[in-house]
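Keep in mind that what you see is a predicted model, and the values were worked out from it rather than measured. Chain identifiers are assigned alphabetically (A, B, ...) following the order of the sequence lines, protein sequences preceding nucleic acid strands; residue numbering begins at 1 within each chain.
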Amino acid sequence: MTDTLSQFSVLSLYSAMAIYAIAFILFTFDLARGGGREASAAGASDSIVQATGEGRTATLTRVRVDAPSSKPGRRPLARIAMALAWLGFVFQLTATILRGIAASRVPWANMYEFAMTGTLIIMLVFLLVNLKWDLKFVGAFSTGLVLLLLGLSATRYYVEVVPLPPALQSYWLVIHVFVATLGTGFFALGFALSLAQLLQTRREYRAVEAKPTRLAWMSRLPDSAQLENYAYRLIIIGFIFWTFTLIAGAVWAEKAWGRYWGWDTKEVWTFIIWTIYAGYIHARSTRGWRGTRSAVLAMVGFGSVMFNFTVVNIYFKGLHAYSGLS
Amino acid sequence: MLRPSDHIDSEQAAASDDATMGRLGFVGWSRWIWRQLTSMRTALILLLLLAIAAIPGSIVPQRTSDPNGVSQYFADNPDLAPWLDRLQFFDVYASVWFSAIYLLLFISLVGCVLPRSKHHWDALRAAPPVTPHNLSRLPSHLTARMSGQEAETVMSAAHRLLRRERYRVRRYDTADRLTVSAERGYMRETGNLVFHIALVGILIAVGLGGGFSYTGQRVVVEGQAFTNSLLAYDTFNPGRFFRDRDLVPFSITLDKFSTRYEERNVNAVGQPIDYKAEVTTQVRDQAALQQVIKVNAPLDIGGTNVYLLGNGYAPSLTVRDPSGNIVYQETVPFLPQDRNLTSVGVVKLPDGLAKQVGLIGFFYPTVSEGHSGAFFSMYPDLIDPLVTLNVYVGDLGLNDGVARSVYALDTSRMTKLTGTKTDLKSLELRPGQSAALPNDLGTVTFDGVKRFASLDVHHDPTQGWVLAFALAAVAGLLTSLFIPRRRVWVSVRKVRGGVVVEYAGLARGDDPTLSAALARIASAHGSDLGLVRD
Ligand code: HEM
């Protein structure tokens with residue numbers, strides 16, 4: 001039973017990866033063809049006319065509009081890619097749930113499962129945020145990253161379903177790890193937007209100087225200030241989750257290891273990441289640091305998240321390795 | 001909002017500091033240094049430095065968490081290790097440089113938060129600022145013409161509306177226009193201050209906690225009891241302000257230790273699934289209680305927590321001299337070496353036999369023999385247990401006054417009599433069996449095996465405070481990041497046939513919804529006045 005279910009899980013995961021791969025290609029083509037929002041009828045200040053029954057009228061004129069009005073426009077490639085991303089997500093969700101049922105527990109208790117659930121959340125955050133803002137241009141990044149991580153973990157870190165060792169038998173596993181992956185999902189998107197912001201800044205700079213640029217395809221993406229705002233909104237959400245991860249981790253460590261903080265390698269890196277993002281938030285409010293420098297910090301932050309998840313997990317020694325007895 | 005001078009929202013400093021630096025006296029210098037220390041840039045750089053300074057501690061083993069790793073590191077890198085040690089790389093989080101960074105950060109933090117708190121306290125009781133002359137210059141701005149309306153009616157409707165929307169409002173009328181100035185979201189700054197103050201709280205609580213806490217470790221074999229006193233511990237680490245009477249008198253008896261290992265899942269056979277220590281506890285003279293300690297479920301006894309951190313096997317061994325007198329009879333905890341609980345233990349026999357004897361024992365709960373003839377354990381549970389003993393004679397080194405671990409045998413002044421590189425095989429004993437020690441020293445009997453639990457006792461009076469401050473920090477963070485602080489002005493001017501109404505908004509801090517909020521206010525204002533939208 002367990003075996004059958006976990007085999008179906010793997011099958012479903014591979015299907016998801018195949019679908020993501022196609023989505024990735026389409027997203028990339030869309031970018032190359034100048035992805036981004038369709039230019040809206042610029043300049044026209046929209047006005048609201050109000051009228052009463054007695055014929056008295058009030059006209060509201062919007063003088064300046066902050067939020068760029070974005071129209072979906074006709075971008076068939078991006079829309080197909082988006083639909084595929086949703087489809088891939090459904091397959092991956094199925095894979096993850098099957099894995100959880102096969103193991104009779106939450107599917108995030110080892111590297112392979114962290115990767116599966118973590119990338120699922122990265123994808124989910126990307127899809128949900130797109131319901132609010134048109135960030136399809138990040139699709140190539142999101143599907144690409146998810147594919148890379150899934151591919152790595154499915155080929156290198158696959159493990160059969162095994163029961164939880166006593167140290168992991170705690171509802172804090174459910175909370176702490178899940179919140180951490182949520183944070184990671186937001187940080188990932190924040191990273192992509194900060195990267196786009198850096199490139200966009202560069203393009204804008206060269207455009208002002210009337211110099212040629214290979215980044216012309218970015219001209220239809222939001223401008224760098226807008227990208228920075230998007231990145232910031234997402235990263236502060238990630239930061240809240242990360243703060244919570246830190247606290248939940250400490251509470252759990254107190255229960256499992258008898259101390260809430262012991263500078264274990266994983267604790268150290270969670271702290272480092274938290275500190276970098278706290279730096280990022282300050283940087284955005286510091287004169288001379290907003291813009292490029294804070295974007296670099298956001299990218300270093302996510303780089304550390306990835307480092308923590310890969311190198312620290314695999315190569316660094318610490319209690320989180322669950323090697324058994326202390 | 002009083003912000004550090006290099007905050008993005010504060011006025012650009014008019015004169016450059018450098019121009020006046022030459023003429024600064026002591027006070028001037030102090031003030032300049034203080035301003036640098038409490039600037040955003042300094043806070044930012046210290047935060048980044050803190051992140052960088054934390055890295056080495058994850059790469060190099062730390063004395064506090066991994067003392068064996070440190071010894072190993074010294075053995076592996078004899079040239080590098082002393083240098084790293086001099087730079088405190090094995091004690092990163094207590095090192096001078098790490099402490100310096102976080103202390104500077106917190107001085108900066110306090111220096112930053114105190115004036116801001118004062119300023120915010122005043123702002124909380126001050127009226128919203130005077131309406132600017134030219135509202136159309138503000139980043140968010142709407143204009144409406146309303147025909148057939150009275151200026152005062154329109155104004156008081158706006159006033160009521162903003163109050164309903166929980167703005168703090170104040171009318172500023174002039175001859176040519178009626179205006180209301182409104183501000184909301186003071187909680188944003190409150191949250192920010194709560195967050196930063198809570199960080200100071202965490203640091204203080206952690207610091208005090210380290211002083212008043214203690215941790216102790218104790219290995220308890222089934223059937224044994226231990227009382228909470230200094231002598232009972234195998235290792236004990238008190239904080240600086242610890243006093244003996246902080247030890248709450250309690251006793252814990254390990255009645256039974258049970259384990260469960262995976263049996264069905266072929267991918268995980270032998271993996272531990274459950275450890276359970278059944279104990280009888282007693283605090284002072286109160287009635288004894290039957291309780292259970294598990295991993296992830298510590299026992300709370302008299303304000304002290306007792307954790308189950310390890311376990312293993314403790315074979316019972318009896319040693320007799322050649323005439324059959326018992327010289328040693330104990331249940332000896334053997335330390336587990338691998339996941340199938342091959343375990344190693346030591347017996348020291350300073351007196352009673354013809355010579356000082358030391359035994360290094362290996363215990364295999366389910367023994368199996370490899371190709372080379374070496375034993376190993378193939379399953380962690382007790383299915384086919386075996387003890388093997390290597391016998392040493394000579395000087396145990398117990399008389400030179402150096403504390404010796406009960407888990408290690410110093411064989412430098414001893415001769416090995418059995419085992420590899422000797423003529424005799426190691427002694428092999430199954431439960432109930434006896435074997436003769438070489439050279440007619442006596443006999444040893446393996447009577448049976450019990451389990452032991454290693455318990456960690458931890459008392460930290462401030463950890464509740466740390467948690468409370470951490471939660472306060474989260475609450476502060478949420479309010480400060482997601483409550484928008486904004487100012488809104490409405491002005492009403494009489495024109496022929498009606499009025500012109502201007503709405504303007506100004507964000508203070510990040511506020512992506514300002515325009516939408518302003519549009520909503522304008523539209524609600526319209527409907528309050530009975531102007532219906534088409
Ligand atoms: C232990 C070190 C510090 C940490 C971890 C930290 C963290 C944070 C975080 C997470 C925020 C964003 C949340 C909020 O607005 O409440 C923030 C904001 C802020 N911090 Fe800190 N902080 C630290 C030290 C400082 C210091 C020393 C200063 C003074 C220079 C400072 C000044 C500020 C200011 C002015 C803001 C508001 C930024 C804005 O306008 O958005 N912080 N800090």
Side-chain angles (χ1 to χ4, degrees), chain A residues 2 48-53 56-67 160-163 165-167 169-170 229 232-233 236 240 243-244 247 251 254-260 262-265 268-269 271-272 275-276 278-279 282-283 285-290 312 316-317 324-326, chain B residues 6-8 40-41 43-44 47-48 50-51 54-55 57-58 62 64-65 69 93 136 139-148 262 265 267-268 271-275 295-296 298 305 307 309-310 336 339 456 458 463 466-467 470 474 477-478 481 510 512 514-515 522 526 530-534:
Chain A
T2 296
I48 312 159
V49 180
Q50 296 184 321
T52 65
R56 296 181 302 187
T57 63
T59 313
L60 285 181
T61 317
R62 182 169 301 208
V63 170
R64 209 178 300 172
V65 183
D66 281 2
E160 300 294 343
V161 169
V162 296
Q169 292 167 17
S170 164
N229 281 339
Y232 177 73
R233 300 306 297 172
I236 55 176
I240 302 271
T243 308
F244 198 78
I247 296 174
V251 173
E254 194 275 327
K255 286 250 179 302
W257 299 327
R259 84 289 181 292
Y260 57 84
W263 297 107
D264 179 61
T265 38
V268 171
W269 278 93
F271 171 80
I272 290 173
T275 313
I276 293 174
H282 278 156
S285 296
T286 306
R287 194 171 289 137
W289 281 75
R290 183 172 277 199
V312 175
F316 285 33
K317 199 178 150 198
L325 296 149
S326 49
Chain B
D6 57 345
H7 189 278
I8 205 117
M40 290 292 281
R41 190 161 22 95
L44 168 57
L47 271 170
L48 298 181
L50 191 67
I55 296 176
S58 73
Q62 298 296 294
T64 45
S65 55
Y93 307 105
S136 62
S140 208
H141 178 244
L142 295 165
T143 318
R145 285 179 140 277
M146 298 179 184
S147 46
E262 178 63 41
N265 184 336
N267 299 311
Q271 187 197 302
I273 298 184
D274 195 30
Y275 297 131
V295 182
N296 269 313
N305 286 334
Y307 303 86
L309 285 198
R339 48 181 307 226
D456 229 63
H458 191 180
Q463 72 186 22
V466 176
L467 181 63
V474 174
L477 195 60
L478 282 169
L481 289 180
D510 198 70
L514 177 67
S515 300
L531 300 163
V532 189
R533 189 188 288 240
D534 260 342

Side chain from CB out, backbone as N, CA, C, O: work out which of these in Gln62(B) comes under 4.5 Å of a heavy atom of chain A, or both, or neither.
->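 When you check distances to chain A, no heavy atom of Gln62(B) falls under 4.5 Å.
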
Heavy-atom pairs under 4.5 Å with chain A: which of [options] has the most?
| options | result |
| --- | --- |
| Thr64(B), Asp456(B), Ile273(B), Asn265(B) | Ile273(B) |
| Ser65(B), Pro272(B), Ala43(B) | Pro272(B) |
| Val474(B), Leu48(B), Asp6(B) | Asp6(B) |

Leu467(B) side chain reached by Ile247(A) side chain, heavy atoms, under 4.5 Å =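 Touching, per the 4.5 Å side-chain cut-off.
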
Count the heavy-atom pairs under 4.5 Å between each of Val251(A), Val268(A), Asn229(A), Ile276(A) and chain B, then report the option with the highest count.
->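 The candidate making the most pairs under 4.5 Å is Val268(A).
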
Among Gly288(A), Gly262(A), Ala283(A), residue most engaged with chain B (heavy-atom pairs, under 4.5 Å) |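 With the most close heavy-atom pairs to chain B, the winner is Ala283(A).
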
Whether [X] side chain and [Y] backbone form a donor-acceptor pair below 3.5 Å:
| X | Y | answer |
| --- | --- | --- |
| Asn305(B) | Pro298(B) | no |
| Arg287(A) | His7(B) | yes |
| Asn296(B) | Lys255(A) | no |

Set of side-chain hydrogen bond (donor to acceptor under 3.5 Å, both in side chains) partners for Arg233(A), sequence neighbours left out |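 Arg233(A): side-chain hydrogen bond (donor to acceptor under 3.5 Å, both in side chains) contacts with Asp510(B).
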
Interchain contact, Ser285(A) with chain B, by part (heavy-atom threshold 4.5 Å) |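 Interface part for Ser285(A): both.
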
Just say parallel, tilted or perpendicular for the rings of Tyr307(B) and His458(B), cut-offs at 30° and 60°.
->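 Judged by the thresholds at 30° and 60°, the geometry between Tyr307(B) and His458(B) is tilted.
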
